[in-house]
Structure formats: C-alpha cells, structure tokens
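Keep in mind that the numbers below use all heavy atoms, side chains included, and drop hydrogens, waters and symmetry copies. In what follows, chains are A, B, ... by sequence order, proteins preceding strands, each numbered from 1.
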Amino acid sequence: MAFGKGCHLHLIDGSAFIFRAFHALPPLTRKSDGLPIGAVSGFVNMIWKMVEDNKGPDAPTHVAVVFDKGSHTFRNDMYDLYKANRDEMPEDLRPQIPLTRDATRAFNIACLEQEGYEADDIIATLSCQAREAGGRVTIISSDKDLMQLVGGGVEMFDAMKNTRIGVEEVEAKFGVGPERVIDVQALAGDSVDNVPGAPGIGIKTAALLINEYGDLETLLDRAEEIKQPKRRQTLIENREQIELSKKLVTLDCEMPVEVTLDELDVKEPDAEVLLPWLAEMEFRTVTRRVAEALGAEAPVIEDKPAATAPDEDAGPAPEAVPFKPEAYEWVKDEAALQVWIDRILQCGWVAVDTETTGLNEMRADLVGISLSVEPGQACYIPLAHKASGDGGLFDDGKLAEGQMDLDRALAMLKPVLEDAAVLKIGQNMKYDAKIFSRYGVEIAPIDDTMLMSYAMHGGEHGHGMDLLSEKYLGHNPIPIKDLIGSGKSQITFAQVPIEEAVKYAAEDADITLRLWQLFKPQLHRARVTTVYETLERPMVPVLKRMEMAGIKVNRDTLSRMSNAFSQKMAQLEDEIHELAGEKFNVGSPKQLGEILFDKMSLPGGKKGKTGAWSTPADVLEDLATEHDLPARVLDWRQMSKLKSTYTDALQEHINPDTGRVHTSYSIAGANTGRLASTDPNLQNIPVRSEEGRRIREAFVASEGKTLLSLDYSQIELRILAHIADIEALKEAFAAGQDIHAATASEMFNVPLDEMTPEIRRQAKAINFGVIYGISGFGLARNLRIPRAEAQGFIDRYFERFPGIRDYMDATVKFAKEHGYVSTLFGRRIHTPEINAKGPHAGFAKRAAINAPIQGTAADVIRRAMARMDPAIEGLPARMLLQVHDELIFEVDEGAEDKVIDRVREVMEGAADPAVKLAVPLVVDAGQGANWAEAH
DNA sequence: CCTGTCACG
DNA sequence: GACGTACGTGACAGGG
C-alpha cells in the first residue's frame, strides 16, 4: 500500500526497548533450557499489545521495528569517544538481541537495521519521509535523542509508561521546542552517549541561553555579549566542541535507507509462523492469547522443567525470579494504572492485596492496592497515604503527593475486579473482599493461597503469608512491624511513607502470585482440588456476607447485666475476704492458692509449672463441699468471666455504624476444618449455665424479624456410627432413638423404658469420650469416678461395639503410615506428631482419632453453607452465624416456617451426593426474638 | 509474652 | 514401671 496522506507510520525503537526491558523486567529464563528471555518476553508482550491496541481509527497503516546494527557508526568517525563509556553488553542480554529480530519477523513486521547508522537515524529519515508524504508518525520510544523529531505530525509514545510524548512534553523536558532540542543537547552534552557539550552547562542553562539568542549559531556568534563571565568564557573556549556535539546529536534525516515507506504496510501475522515461534520460546500466556485472537489452535507447550530443576517440594527452584523491591512500581496516575489494567486483562489473572488502616475489615479504611501479574513484577497504588506530619494534634492530615484519586482508581479497577474472566488471587481473600465490598466492589472470581495451603498442608504448619513465603519461596518478606511499629507507638499504614509502602505492599502481591503459581498445580497432585474448590474457596463469599451482615446486639441488656454482675461480685468479694480473714485479689489464682492451701491448709492443692498453686474449677468444686470460701470463689469467677468476656467486651464490639456485632471467621484456623470465630468469638457465647445463657438474650433479631437457630443433632456420633460402621448405633439413629439412652441400654443391659438419668449421663460421657479418643483417666476425671471403674466402662463399651476399637486402631495405623488422616469428603489433616515418642504420642493419637469425625462434621456444615445462599434466595432471610453444628438466621416475621423448611432440607442433605451416609442427618430448629429463645 | 482459667461445640 | 492423658477452639486477667 502506498504511503501518503492519511497514513500513519509506527516506528518502534527496538534496540532501546530491549535494553530498557532487560533492566526493568526480572530475569526470566526459558523453562526447558534456562535461556534468558526476559527482555524478549517484554518485547513480545509490547508488540502484541500494540497489535491488539491498534485496531481503532488511529491504527497504524505502516509499521517497522528499527534496530541498531554494529557499534561503529559515522559518529565514531567524527568523534572516537562517542558512546565510548558504554558498558559491555550484559551476558544475559546478548543472546536476546537476535531473538528480538526473530520475534519481529515472526509477527510479520518489517525489521530495519543498517550498517554504519544508528536506529535513531533510520527513524529520523523515515519520519521525515513520512511527514513529507503528508502522513503521521508515532515513534515508540522514550529516547530523548529522538525528541528533536517531534512535531508536524510526528509524536512519540513511551510503551513502558504508556504515555505519549508530544511537543508539550518535549518542551517540558528541554525547555525549548523540538526544533531547538539539538541546540540544547549540543550545549548540555550527554553523559550517556558521551557527548561533551559545554562544560558546566546543563539543560536548564542551555534552554535559557537558546531562548534568549534564538538558536545555537546566533548564541555562539554573540557569545561575547553574555553577561555571566563564566558562561561567556565557556562558550567561547569550547566553541568547537559544542559544534561537534551538535553534529553528534543531530539525527541524519537523509541517510540512504534500503526500504521505501510503501513496503512497511501493516500485515496480519501468519499464525503458522508466529505460533510455533512463540511456543518455541515457551511464552505460554501470549501464545494462548495470540492463538485466540488469530482463531488458531494454541500449540502445546510442554511443561518440562530444566533437567537440573529440583523437586518442587524441596524449595525454590534456582531459576526463580529474584525478589527486587526496587523493581516494584509506584502507580501515580491513571495512565500508569491503565497499563496495569491492560496487562491484567491480557493475562487473565492478577494477584491483589489491599493495605488498610487496621485489621477490622468493617472499620478499616482503604489506603492502597497492590497488584502483580508476573513474579517479580508488582505495583502499589497508594490512595490515602497522609502527608508526613507528626501525627499529633496539629497534623493537618493532608494526603501525600503522588497518589491517584481513590474513587477514580476504584472506578478503573472495578470492571477488572468484577470481571468473570479475570481471576483475582489473594492471600486471605476474605479480608480484601470485605474491604472492597465496602467501597462498592464485589470482587470475583477468586483464588486464595492461604486456603490452598490449608487444603494441602492442614496440620503441618500455619498458613500465614510470611510463613508460606519463607517456607515455599525461600524469601523472608519485609515485616509489617518495620513499617508501622508495634504496641503503643504503632502507626497506621496511612502514615507510612509511600516509598516504603511500595516495597512492602507490592512484595505481598508478588509473593501471593508466586505462591499461587506454585500451589495451583500441586493441589491436584495432593488430591485436594475438590476439597479446595468445594469446602474452602466457597467459604469466602459466604462468610463475607455473614460477617458483614453481623448480628444485632442490645447494648442496654448487656449493660444492665454487667451492673448486676458487678454488684454480685462486690458482695461475693466481701464475703470471701471475710472468710479468708484478709483482703486479697480473688482474681489471682496465685494469691487464692496461698489462702486455700498455705493459710487454710486445705487438701488437694497442686502447683503448676511456675510453682504457683493451681486452682481450677474442679479442684474448687471438691473443696466447696466442705468450705464456703471456694464455693464463693467459684461463683465470683463465673460472674467475672461473664462480665469481662461477655457483657463488657461484647459492648465494645458493637459497630457504631451498624449497631451490630460483626465477628470474623478464620477459614484456615482450626486443624480439623472447623471455622474459628474471633473479634469477638461468637462461637463460645454461654449456654450451659442459666446465668450465662441469659447473655444470649442480648442477641436479638432486628425490628420485624425473627432469629432462627438450626442445629445438627448428634452429628459427630452419627458420623462415628457411619465411619466405624457400628450396626447398633446406626440402627438406633435410624429408629430415631435417644442415642445416649440407647448406648446405656446396650452397655448396662437396662431396657430403654427403665433408663435413669444417671445411667444415661454416664453413657453420654462415654460417647463423647469415644469421639475424643477415650482414656480411662479422662473418663474417670469427667465422671468423677475411680479410674478402675471408668476403665471397666470403656472395656465394656468396646466389647459391645468392637467396631469402634477397630476404627481407632485403623485410624492410628493409617496416620502413622501416611502422616495424615482424612475426612469422608477428602479433607486431609496431617499428623506430624503421630510417630513422636513420649507424652506427645498420646495427644497425637487421640487427635488423629478425633480429626476425621470432627472434620467430617465440619465438612458437612461447610457444604450446607456453600449451598445456602442460592437455596434461600428470594426468601426474606439471611444467614448470620455458624457455631460448628448450628446456623443462625435472621428472617422476616411470617417467613419462619418456610425458611426453616428450606434450610433444614439443605442441612440434612449436605453430605449428598458426595457421600451416602449410612445414618440420617437430623436438624433441630428453634426460633425467637433473641438467641436464647431460638436455641 | 506466657500461663491459668473458662466460655463454647 | 512411671508418667501423663479426653478432641477442637478464643478471650481475659494476672504476673513476669
């Protein structure tokens, strides 16, 4: 196609780009043979982006990539020191130079280079030709040496910063228009290219002089008139050198190029050439994308690591991209953010991390966001960092410089974060999802490295990011303490200087991305993909909604109770002091022990590790039969516990904005698969004692609504019956019998209709003991009976239910062989201590026996929860709390029965279809205006 | 920061 | 033969 008016030529400065890419990007290597290809990869991505982006009205009609050829040019003939201070080309870059040319040809783009000339001269010549032909030119480069070409239809574009450079930008840089740039450069010189210029004169002064005299020649001719003696002398003395410099910096617009503009017309890449080449380079992502765009099938790239690569479990591979905090980008404006968004859309995933002012997701404010799409490449977008102030009373709280508008950044990111085609990767994503949600962004879909670790390594170690990074990437991240301190002098992340924040925050995203790349394929090999996808990951959106909903807590109720407890405690305290004959701190076990066991010489005292007397409740209970003082202390302790932990602390947790209490569930906290509730813990609200149970009256349904409580009846015993395959238990459950009574009947040969509460109580204790990995000692203590008697019960139990012992033995044997035990749904709980010697051994054995039972129950309710939202969709109900075997809902008055039916169906059928339980799951339901009534 | 105690399933 | 033992959690107070 002939080049002429209306045509648009793109000239890509290939040499400059790969140099910049080489230094800016992490040293990526080809997996199969370790060939360094980081710069080529950056180049290919840039080219592909240009191809993709340039389909609009401003699309180029002609394009070429221009390279330097050789190191000797006509400038060296003029000045032998030209570019003489250049370092040797880095060893890892050298092999990438020819590959870049191959890449250009593979994309079917003209590849230009000419002996004796620099790429800049080719660009200059073609630009001039194009301009004369009436066309437009975009030079893809940020090289200042090319800025003299800008103007009259020629502009530049910085591909790495994604910014265009026009006349204004050139003026901003050089202080003169493009046509006078060479004059300024001639005076200022250039240390990079070793252009001498005028000593002592920089760009600022040069621009000043040129603007005053019009151009370099006039300036030099009239140098005598310069007022400043030093400048005058310099210009006069160095005239020759300055004139040489101008020749060096002036690009040759009339060199003999070997191509015509017409030959540079844009051509579609040939899939049959391009795809095999990309595959050979092992660029997985871009190969896939190009194949999609060209409607061709992506060639298979074998995932064949270098022969020297170690086993992936042995630690980080040696070719791993190193961590370089200085490579992380501080995103300051929309253009820079847009570059990241484009990269994310191109690769289809992104690691995301938010920085906030605190750990409470319902109260913390967003301070910044970090992103990473490739190991070693991450950015931080600061949004609400404060300008450095003393943080004191007179700190004006102004925002620091270099930050995007928060709303604007979120508006730009929202489509990506909510894009179903872009996977968002996080470490403990529930936290970030809640933060984003408060800013109107519902992040999805997600992957969570913490939960991947939990699925694969539950029981082996914790799943915090610092630990995972150290263990699996061999990298110790910057501790947050280094930035915000700890204790009293702790500051918020908003007060951290942005330079530091970038290194910390971007590193977190980088680490998360690397962990994800490592874990993702391992999930499958560890056979826990289903566990992760059905039991862990679905908890994130479900718990997010529950936690954000919160539960209404009546402050007045708590406050009144608190006062009542205070009065009662004061009264008890007086009585205790009276009985003791002296005043002491009742709340101090140490002081209490001294009163009881030293002063009063009561029996049964034991000392703990610290040498202080131990005064647990059971010891005091024994003493209470004979003495008033320990009985009063027990009452006091109950009051004290209820007051401090519940009536007082709970009030502090009422969110002032919502009037509700928002707990936070840890998905990966408990080894068995149970959730854990924190800040506050709503899974241990009192219920067993009458006084304690009244705390639940403060947990209320909001106006016009009702609280529902649905809980699994005896779920762990049912699971035991199934797993250990105990006929008698299964039958009792199938018949809907009272399981503890049935156990008692079987063990003690008492007909059900003659069952006494006492016998049933003992059987109940044994049933629980079995689940916990029974021991004579433990049962004896629990039932307060002699150890021999307890052992007799156990023996009899195992006689009647031999399958239980078989299950226990088999489970321990499996754990010893494999190092883990499994739930019915495939969750693995590792038991690293199982082969330990000494007292640890007993613990580990019982934990191994208990884990599949407790864990399966945990899996069941997780499955129910994952299905619950769609099941109750359309009903005026929402799920608020989970307490291991119980779910709490808030529903509109009148909808109770309908919701109970639907929820019960989901809960009772939660094991289906993955596991066909040999026992029915039964759910009991309650309702009321508060939790005490509903339970 | 650790220990003891006690709230829950 | 002695030792130490129910399983899983989290929060608070005391004390070093």
Side-chain angles (χ1 to χ4, degrees), chain A residues 459 486-487 584-593 606-620 633-634 636-650 652-653 663-666 669-689 691-693 695-696 711-717 720 765-783 787 790-791 794 808 821 829 837-855 857-858 861 881-886 935:
Chain A
S486 64
F584 69 100
N585 184 349
V586 182
S588 163
K590 182 168 169 282
Q591 294 179 33
L592 175 65
K606 278 196 195 123
K607 287 191 175 178
K609 289 178 203 173
T610 52
W613 291 105
S614 175
T615 60
D618 55 351
V619 171
L620 298 188
V633 171
L634 284 169
W636 184 91
R637 277 194 183 165
Q638 191 195 10
M639 301 293 145
S640 169
K641 182 74 175 183
L642 294 176
K643 182 176 182 323
S644 66
T645 309
Y646 300 103
T647 58
D648 288 352
L650 220 39
E652 304 298 312
H653 282 286
T663 185
S664 179
Y665 290 99
S666 7
N671 274 339
T672 53
R674 275 191 177 181
L675 301 177
S677 161
T678 63
D679 308 300
N681 182 354
L682 294 187
Q683 290 181 322
N684 72 345
I685 302 302
V687 72
R688 291 173 184 168
S689 78
E691 299 90 330
R693 188 155 54 236
I695 306 272
R696 297 189 171 215
D711 70 292
Y712 284 107
S713 164
Q714 308 293 355
I715 188 169
E716 293 192 0
L717 274 176
L720 174 70
I766 297 169
N767 276 336
F768 276 106
V770 168
I771 291 170
Y772 297 150
I774 200 160
S775 78
F777 180 91
L779 184 63
R781 198 173 67 171
N782 193 288
L783 282 175
R787 215 178 131 172
Q791 193 56 53
I794 294 169
M808 290 183 163
V821 292
I829 298 127
K837 297 274 173 274
H840 290 310
F843 274 117
K845 260 167 92 167
R846 290 191 295 273
I849 290 165
N850 173 260
I853 303 167
Q854 189 180 115
I861 198 165
L881 301 177
Q882 188 249 44
V883 192
H884 309 307
D885 64 354
E886 174 189 15
H935 188 73

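Between A:I695 atom CD1 and C:dC12 atom P the separation is 13 Å, expressed in whole Å. Summarising the geometry, the separation between CZ on A:R637 and C1' on C:dG14 is reported as 12 Å, rounded to the nearest angstrom. Look at NZ on A:K641: it is 13 Å from P on C:dG14, rounded to the nearest Å. As a whole-Å value, the separation of A:F777 CZ from C:dC7 P is 11 Å. In this structure, A:I849 atom CD1 and C:dG8 atom C1' are separated by 15 Å, rounded to whole Å. In this structure, CG of A:L717 is placed 20 Å from P of C:dA6, rounded to the nearest angstrom. Taking atom NZ of residue A:K606 and atom P of nucleotide C:dG4, one finds them 10 Å apart after rounding to whole Å. Nucleotide C:dC7 holds its P atom 15 Å from the CZ atom of A:F768, rounded to whole Å.
Listed nucleotides C:dG8, C:dA6, C:dG10 differ in distance to A:H884; the shortest reach to its side chain belongs to C:dG8. Comparing atom distances between the A:A765 side chain and each of C:dG10, C:dG14, C:dA6 picks out C:dA6 as nearest. The A:I774 side chain lies nearest to C:dA6 when the options are C:dA6, C:dG14, C:dA11. Comparing C:dA6, C:dG8, C:dT5 by their nearest atom to the side chain of A:N782 picks out C:dA6.
Considering all non-hydrogen atoms of both residues, A:G776 and A:Q791 come closest at CA-OE1, 3.4 Å. Nearest heavy-atom pair, A:Y665 versus A:Q882, reported as atom, atom and distance to 0.1 Å: OH-N, 2.9 Å. In terms of heavy-atom proximity, A:A780 sits nearest to A:R787 at CB-CA, 3.6 Å. Scanning both residues, A:H935 and A:E886, for their nearest heavy atoms gives ND1-OE2, 3.0 Å. Pairing each heavy atom of A:A858 with each of A:T672, the nearest pair is CB-O, 4.3 Å. The nearest pair of heavy atoms linking A:N585 to A:Q591 is N-OE1, 2.8 Å.
Of the nucleotides present, C:dA11 is the one that pairs with B:dT5 by Watson-Crick or G-U wobble criteria, both distances under 3.5 Å. In this structure, C:dC3 makes no Watson-Crick or G-U wobble pair, since no nucleotide meets both defining distances under 3.5 angstrom.
Between A:R846 and C:dC7, a side-chain N or O to OP1/OP2 separation shorter than 4.0 Å is present. Between A:R781 and C:dA6 there is a side-chain polar atom (N or O) within less than 4.0 angstrom of OP1 or OP2. At the phosphate of C:dG15, OP1 or OP2 sits under 4.0 Å from a side-chain N or O atom of A:S588.
With sequence neighbours excluded, the residues forming a side chain to side chain contact (heavy atoms under 4.5 Å, CB included) with A:K643 are A:S562, A:F565, A:S566, A:M569, A:T647, A:D648, listed by chain and number.
Using a 4.0 Å heavy-atom distance criterion, A:S775 is classed as a base contact. Residue A:R688 is classed as a base contact, given a heavy-atom separation below 4.0 Å to a base. Residue A:A858 is out of contact with every strand shown, counting any heavy-atom pair closer than 4.0 Å. Across all strands, A:R787 comes closer than 4.0 Å to base atoms (heavy-atom distances). Using a 4.0 Å heavy-atom distance criterion, A:N681 is classed as a sugar-phosphate-only contact. Using a 4.0 Å heavy-atom distance criterion, A:S677 is classed as a sugar-phosphate-only contact. Across all strands, A:E886 comes closer than 4.0 Å to no nucleic acid atom at all (heavy-atom distances). Contact annotation for A:G769: base contact, defined as any heavy-atom pair under 4.0 Å involving a base atom. Backbone-only engagement by A:D679 is indicated by non-hydrogen atom pairs under 4.0 Å involving sugar-phosphate atoms exclusively. Within 4.0 Å of A:A649, counting heavy atoms only, lie sugar-phosphate atoms of the nucleic acid but no base atom.
For DNA chain B, the span of nucleotides reached by chain A at under 4.0 Å from its heavy atoms goes, 5' to 3', from B:dG4 to B:dG9.
Remark: the separation of the P atoms in C:dA2 and B:dC6 is 31 Å, to the nearest Å. Comparing the same atom, P, in C:dC3 and in B:dC8 gives a spacing of 34 Å after rounding to whole Å. The gap from the P atom of C:dG4 to that of B:dG4 amounts to 14 Å, rounded to the nearest Å.
Separating the CD1 atom in A:I774 from the CG atom in A:N850 is a distance of 12.5 Å, to the nearest 0.5 Å.
A donor atom on one side chain and an acceptor atom on the other are not found under 3.5 Å apart for A:H884 and A:Q854.
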